[in-house]
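Take a look at the structure set out below.
Note that the structure is predicted; figures quoted are calculated from it, not measured. What's counted below: heavy atoms across the whole structure, side chains too, no hydrogens, waters or symmetry copies. Chain letters run A, B, ... following the sequence lines, proteins first, then strands; residues in each count from 1.
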Amino acid sequence: QDKYDIAMICKGFQHQFWQAVKAGAEKAGAEFGATITFEGPETESQVDRQMDMLAAALSRGPDAIGFAALDSQAAIPLLQQASAAGIPIIAFDSGVDSDIPLSTATTDNVAAAALAADKMAELIGNSGKIAVVAHDQTSRTGIDRVEGFTNRIKEAHPNVEVVTVQYGAGDQLASTEITKSILLANPDLKGIFGANEGSAIGVANGKQELNSNVVVIGFDSGAAQKAMVASGLMNGSITQNPVGIGYETVKAAVAALKGETVPKIVDTGFYYYDAANMNDPEIAAVLYD
Amino acid sequence: MTTNLVEMVDIDKSFPGVRALAKAHFELKPGEVHALMGENGAGKSTLMKILSGVYARDAGDIRLDGQNVEIASPRQAQDLGIGIIHQELALMRDLTVAQNIFIGREPRRFGILDEGQLNRDAAAIFASMNLALEPTVRVETLTIAKQQMVEIAKALSYRSRVLIMDEPTAALNDAEIAELFAIINRLKAEGVGVVYISHKMDEIKRISDRVTIMRDGEYVGTVPAADTPIETIISMMVGRTLSGDTLVVPDTSAAPIALEVRNLNRGREIRDVSFAVRKGEILGFAGLMGAGRTEVARAVFGADRRDGGEILVHGQPIAITSPKDAVDAGIGYLSEDRKHFGLATGLDVRNNIALASLDRFTGLGGILDEAGMEQKAVGYIRQLAIKTPSDVQEARLLSGGNQQKVVIAKWLLRDCDILIFDEPTRGIDVGAKSEIYKLLNALAGQGKAIIVISSELPEVLRLSHRIAVMCEGRLTGFLPGGASQQDIMRLATLRPSAVAEQSIERRST
Amino acid sequence: MTDTAAPAQNTGPRISGAFHRLLAFSGLIALVVVFSLASPNFMQTQNVLAILQATSVNGVLAIAATLVIITGGIDLSVGTLMTFCAVIAGVLLTYLGLPLPVGVVGAILAGVCCGLVSGVVVAKLKVPPFIATLGMMLILKGLSLVISSTKPIYFNDTPGFTQISSGSIVGSIFPALPIPNGVLILFGVALLAAFVLTKTALGRYTFALGSNEEAVRLSGVNVDRWKIAVYAAAGGICGVAGLLIASRLNSAQPALGQGYELDAIAAVVIGGTSLAGGRGTILGTLIGALIISVLANGLRILSVPQEWQTVVTGAIIILAVYADILRRRSL
Amino acid sequence: MTDTAAPAQNTGPRISGAFHRLLAFSGLIALVVVFSLASPNFMQTQNVLAILQATSVNGVLAIAATLVIITGGIDLSVGTLMTFCAVIAGVLLTYLGLPLPVGVVGAILAGVCCGLVSGVVVAKLKVPPFIATLGMMLILKGLSLVISSTKPIYFNDTPGFTQISSGSIVGSIFPALPIPNGVLILFGVALLAAFVLTKTALGRYTFALGSNEEAVRLSGVNVDRWKIAVYAAAGGICGVAGLLIASRLNSAQPALGQGYELDAIAAVVIGGTSLAGGRGTILGTLIGALIISVLANGLRILSVPQEWQTVVTGAIIILAVYADILRRRSL
Ligand SMILES: Nc1ncnc2c1ncn2[C@@H]1O[C@H](COP(=O)(O)OP(=O)(O)OP(=O)(O)O)[C@@H](O)[C@H]1O
Ligand SMILES: Nc1ncnc2c1ncn2[C@@H]1O[C@H](COP(=O)(O)OP(=O)(O)OP(=O)(O)O)[C@@H](O)[C@H]1O
Ligand SMILES: [Mg+2]
Ligand SMILES: [Mg+2]
């Protein structure tokens, strides 16, 4: 066996988050001797397009498949097909309602968003109005982060009120416009949570265009967001460890192919970073451009 | 006296900026052919569109068999037994001939269209019209003349009590006109009332019983066709008498050749056509429908591909691969199908007139000289008596004949040395027609070389200094100006075998 | 859109009709040949079935779009209408616990009703089809989210539901050929639509409307009624697509659908139907939809990087249509 | 699409031209009035400026689309072409470190070149505009990702770059009225486009092509050349949009742009331009673009839940166009 062929089917492709997952996967590929193909649909709602990608990957007959499910159930028949063909499946980012995946490399989005809620409450002095600009109303990450955030506010910070949750499809420009509308409609707003990279950057942009001093907590990293956090435009942000997710997925796949046992869950963790701590080696390692 | 089948009383109709009808009158008896005459824009089509439910009248009464009726839609008109052949072809180009004829009344079996029956029914109608037309061909591929025949067949298929024909013969040649008249006579015998609109004066005498004349949307009078001299009808139409000028054939034999076409060929449509036109000469092209005259003109103009042939302008061979090349070489071509090939219907009159010469009105930075364009447009509107509220009226809102004048103005403005006019007077009234004849003669007098393609033999005879006759894609011969109709018809029906013999003869001499 | 007339006509020897009909597939065949040579996995039964199944939803949507486009209109709402119908099926089957046939009929009826509304807006209010169906697209997108409370509705209580698309009646008879039912349904819808278009009055008026609506009106035909019928029929077909996608995902995904209209319309136009109306075939649309799926699948099988997949797809769509134009010109 | 002639015409007293021109804005004005009444925040200077700025990118794209649509074509590539031009600016300014004017000119030139290619494919190869620009849309989307290595390109080394859109020359003179430059650029492009459309030969041919291309060809006009010129001009305008969006985001985001074409075309059609070609105005397009932004902004200001925003937007787009149809009919 020269090199393993591992197909990674993601939830997206063009976002920096997924590019970071890809980088991690390729890093592991280089280390463990695997070639990686990497694909994802246009938006996180296109569940059926992801099925087509998975089906095409199955036809190609890779040695293993890494799969980040857009819907926890829809792919089960195809995964059964894969497992019948003896192709090991490693889930990543979010899990599947099935025990077919040998391992799942993921972050707890609900807990990560709850951490964002705590930080937000802390920065606005534990009272006042805040808003959420999220990327997707129906995708797992969208739901988990919005609910994780709003539920935590409700439970732990009774004096903080989420006045509105709006969705900008992760499009920076759309998120900018949304943010400006929210700020203009709620002059007393104290903070906004941007629930993914595009949303967070959009929120910061909107804040800047209106010269507002609202508190902004973001999610994910990427060069722009890092710069915004460093400059203080964004007060802080939550980052997952996408490079780690990609790396662990491929690592688990190769281990499974070699017949080694793999852990059922690999938690790659999440971190809060702000201007103060972002240069700490431990944090800097999980931030990506 | 029989009761009137149709009576239209004091009909008014206005469009934005135009009073199309003012207290118009019309009546029709059963078994009568009633001609409706008037200049372009007199309101003939509008009046008949009101009768056939296309337009709603502003005021007035319509009576059918003496009963007041409201005709709110074409469907209702059909139900009342009123059929119409519109002046502007209203066909579905992507459908077949038979499908067009029976649209809305398709024969069905168990809810499924019975295409066989449909085609048989259409074929039966064509047979009764002595028309050789395949029911299954798509309308788009037909020449206008054939499309016009399809419209006629469609109107006949309704078996209406009132049949309105708005310039049905504008695109037809003599043989087809004769066929149509035979049909009309048959209908007349069956008691159908026929409204007949035409600008061809000879037809009025031949077919109609009475003539109603309109001018500027108003009723002028109704006269019996048989005992009213044509001159009287014309003066009622135009409000003055027209002088009929006669053909003078100038001697152009010494003039240089402006356009020469050598061995033009394309498949079966154009076979080895060669001819030349001198400066100051009007060369007429005669032939039956489908003889290939339009094809030749389009091929010369670069609008269609050609397989072979040389074109020389002022003695120089010119490579013409597109209309632009032709126009650059000083050739203009007025198409026989103004709606599809002549007019940018969405643009206004001014811009349609300027369309072929826009570069002349383009100044620094591509900016257009609107004032200059307006001046030219207004000039032509006056010269050709184009009936339009202003030069910024959209061209599609003009009456058919006035649209044709706009296209003529376009080519006059372009000022080409060589002008090819394909059916230039199609749909144009007598008054304007004689104006256009004068114009063509004047252009020839200025040294322009002119080709006139016309299916109206009198027109060819009246205009041409020399006549080329075509049959089935071949040039079957040239005749001098003033030749007899018989000579033309002989050449126009010369069969291929005969042509072959002739060409052998020509080569051997 | 302007119909660029191609006046120049060849008069060379005419190729036989059957051969020419085959040539219409040339773009598709060329793609299949290239991918088969490039990858041994491409022509495997399993992959061919995967391609067909990937075509089923877009194919059905494209058939719906074809009807409307032949009338000279356009339907931007096919994608979100599909989703809306899927959600309706979810509500009927999962929320209300009604039996499977009710869900199936309900979804299709929902499609017909929405199509009816679009049709009325276009025909009676004279709103341009682009705007009427754009509005519908947004309205249905929103309503799907409202009705489903922005959550997928699963069909776990209706075990037969996944069989609609993913089961295989053919496979249960010929185990070697497990053609998914979804593919059969696609072909069934195609046959039905082709029948309606060529053999019934509705089809005749569909072409007539696109060819010259004014002439149809002047012929005394109730133009509005037939136009509305076409939009309603297209809506019903979108309902079928909704069932297919919901069955395949075993869930009604309320956020899905926008953007699908573009793929559907692309399939229609690649298949030779003119956006100006008046001409088009269901066979062409099927070929168009297949070209899109084969391209997507083939490039994936070859492991072309995703960004290059996009570039190549764009270039090949243009080339496929250009090849078809050349073929027609040589006709 | 078929032009449904409305033969039954009112001939009542004619309303004065100026009043009618005002009525063209009626949909927009009605929206503004409703939102102003519903929320005191709506008519604040800052919010008005926010709406205008939100219109700038879509407005410029819609102007580009207007030109092509008047010729009877369609341009689906405006969104991804915008992105492509932004990426080109990024490559020139950030990767190659060239001075700002080079980046600006380069982005616009890139747009012109891509438009030229689309134009040639449409005019010379006779590929339908829908397909040609759909292909271009995908090609440019892919190329943007390839060139940028799927990463945003930041303009941090070119400090003046953000001023293009977000700076305010007006604000530096009248501090009370900080109209962002992006808005000025939108109006500048609109004025230029309106001038070209109404006063120059290019504009006249644009309308003529959409009205009857064959008649223009037979008038001896080099139809291909003018058509290509229109696509190229539209491409250049997309280049301006690329600069605007990149400047606003201080980065070229290679993945953005798809989907923007629909908003742009919607603005054009809402503004009364016919997809059949031959008629349309830049003013109408501006109003269309403003209607879209006002609607989005107003609904957000009112904190309408997102799914209902979508529903209402769809309904109001239909109503706005219907109101315009009623107004014209009463003309
Ligand atoms: N829909 C319309 N809108 C505006 N003006 C119109 C419309 N239809 C006809 N007109 C005008 O009404 C007048 C009468 O037109 P109509 O078509 O009835 O003339 P016509 O007698 O049939 O002329 P022709 O012999 O040229 O066909 C013309 O001035 C024409 O420009
Ligand atoms: N679009 C077309 N498609 C197929 N055949 C055509 C087409 N146009 C013309 N033809 C055929 O080409 C031949 C020449 O037609 P053309 O129109 O040139 O004749 P014409 O002499 O100008 O006659 P007229 O103008 O009186 O109809 C005829 O046989 C005609 O049927
Ligand atoms: Mg008339
Ligand atoms: Mg002819």
Side-chain angles (χ1 to χ4, degrees), chain C residues 1-2 4-7 71-74 76 121 125-132 134-146 150 209-210 212-214 217 258-259 262 265-266 269-270 274-277 305-319 321-322 325 329, chain D residues 1-6 71-74 76 121 125-132 134-146 150 209-210 212-214 258-259 262 265-266 269-270 274-277 305-322 325 329:
Chain C
M1 337 252 132
T2 337
T4 42
T71 68
I74 191 139
L76 299 179
V121 172
L125 307 189
K126 312 280 180 223
V127 173
F130 185 92
I131 292 293
L134 175 74
M136 266 319 245
M137 163 176 127
L138 294 173
I139 292 174
L140 292 171
K141 178 181 165 187
L143 284 183
S144 300
L145 291 169
V146 170
T150 64
L209 284 174
N212 187 346
E213 184 174 326
E214 191 53 21
R217 207 176 67 84
Q258 195 170 7
L262 203 63
I265 298 171
V269 182
I270 293 173
S274 155
L275 279 179
Q306 192 156 348
E307 55 271 40
W308 282 108
Q309 283 183 22
T310 318
V311 175
V312 173
T313 304
I316 289 186
I317 285 177
I318 294 179
L319 282 179
V321 172
Y322 181 55
I325 290 169
R329 203 175 288 169
Chain D
M1 337 249 134
T2 336
D3 225 349
T4 42
T71 67
I74 191 139
L76 299 178
V121 172
L125 307 190
K126 314 279 179 225
V127 173
F130 185 93
I131 293 292
L134 175 74
M136 265 319 246
M137 164 176 126
L138 295 173
I139 292 174
L140 292 171
K141 178 180 163 189
L143 284 183
S144 299
L145 292 170
V146 170
T150 349
L209 285 175
N212 187 347
E213 183 174 326
E214 191 56 17
Q258 195 170 5
L262 202 63
I265 297 170
V269 182
I270 293 173
S274 156
L275 278 179
Q306 184 107 2
E307 52 272 36
W308 283 109
Q309 282 184 22
T310 318
V311 175
V312 173
T313 304
I316 290 187
I317 285 177
I318 294 179
L319 282 180
V321 172
Y322 181 55
I325 290 168
R329 207 175 285 169

Nearest-0.5 Å distance, CG of residue D/Leu319 to CD1 of residue C/Ile131: 11.5 Å
Spacing of D/Leu262 atom CG and C/Leu134 atom CG [to the nearest 0.5 Å]: 5.5 Å
Toward chain D, the part of C/Met136 with a non-hydrogen atom under 4.5 Å: backbone
Reported CH2-to-CD1 distance for the pair C/Trp308 and D/Ile139, which is rounded to 0.5 angstrom: 10.5 Å
Nearest atoms (heavy-atom pairs only) where D/Val127 meets C/Ile325: CA-CD1, 3.7 Å
Contact class of C/Ser144 relative to chain D, heavy atoms under 4.5 angstrom: neither
Value rounded to 0.5 Å, distance of CE in C/Met137 from OG1 in D/Thr313: 11.0 Å
Residue C/Ile270 versus chain D: region with a heavy atom under 4.5 Å: both
Under 4.5 Å from any heavy atom of chain C - which part of D/Val269: both
CZ on D/Phe130 to CG on C/Leu275, rounded to 0.5 Å: 6.0 Å
Region of D/Ile265 that comes under 4.5 Å of a non-hydrogen atom in chain C: both
Proximity breakdown for C/Ala315 and chain D, heavy-atom pairs closer than 4.5 Å: both
Nearest non-hydrogen partners of D/Pro128 and C/Val321, listed with the distance: CD-CG1, 3.7 Å
Pairs of heavy atoms under 4.5 Å with chain D: top-ranked of C/Leu145, C/Val121, C/Leu76, C/Val146: C/Val146
side-chain contact (heavy atoms from CB on, under 4.5 Å) partners for C/Lys141, two or more places apart: C/Thr80, C/Gln258, D/Thr310
Heavy-atom pairs under 4.5 Å with chain C, option from D/Ile318, D/Ile317, D/Ile316 with the top count: D/Ile318
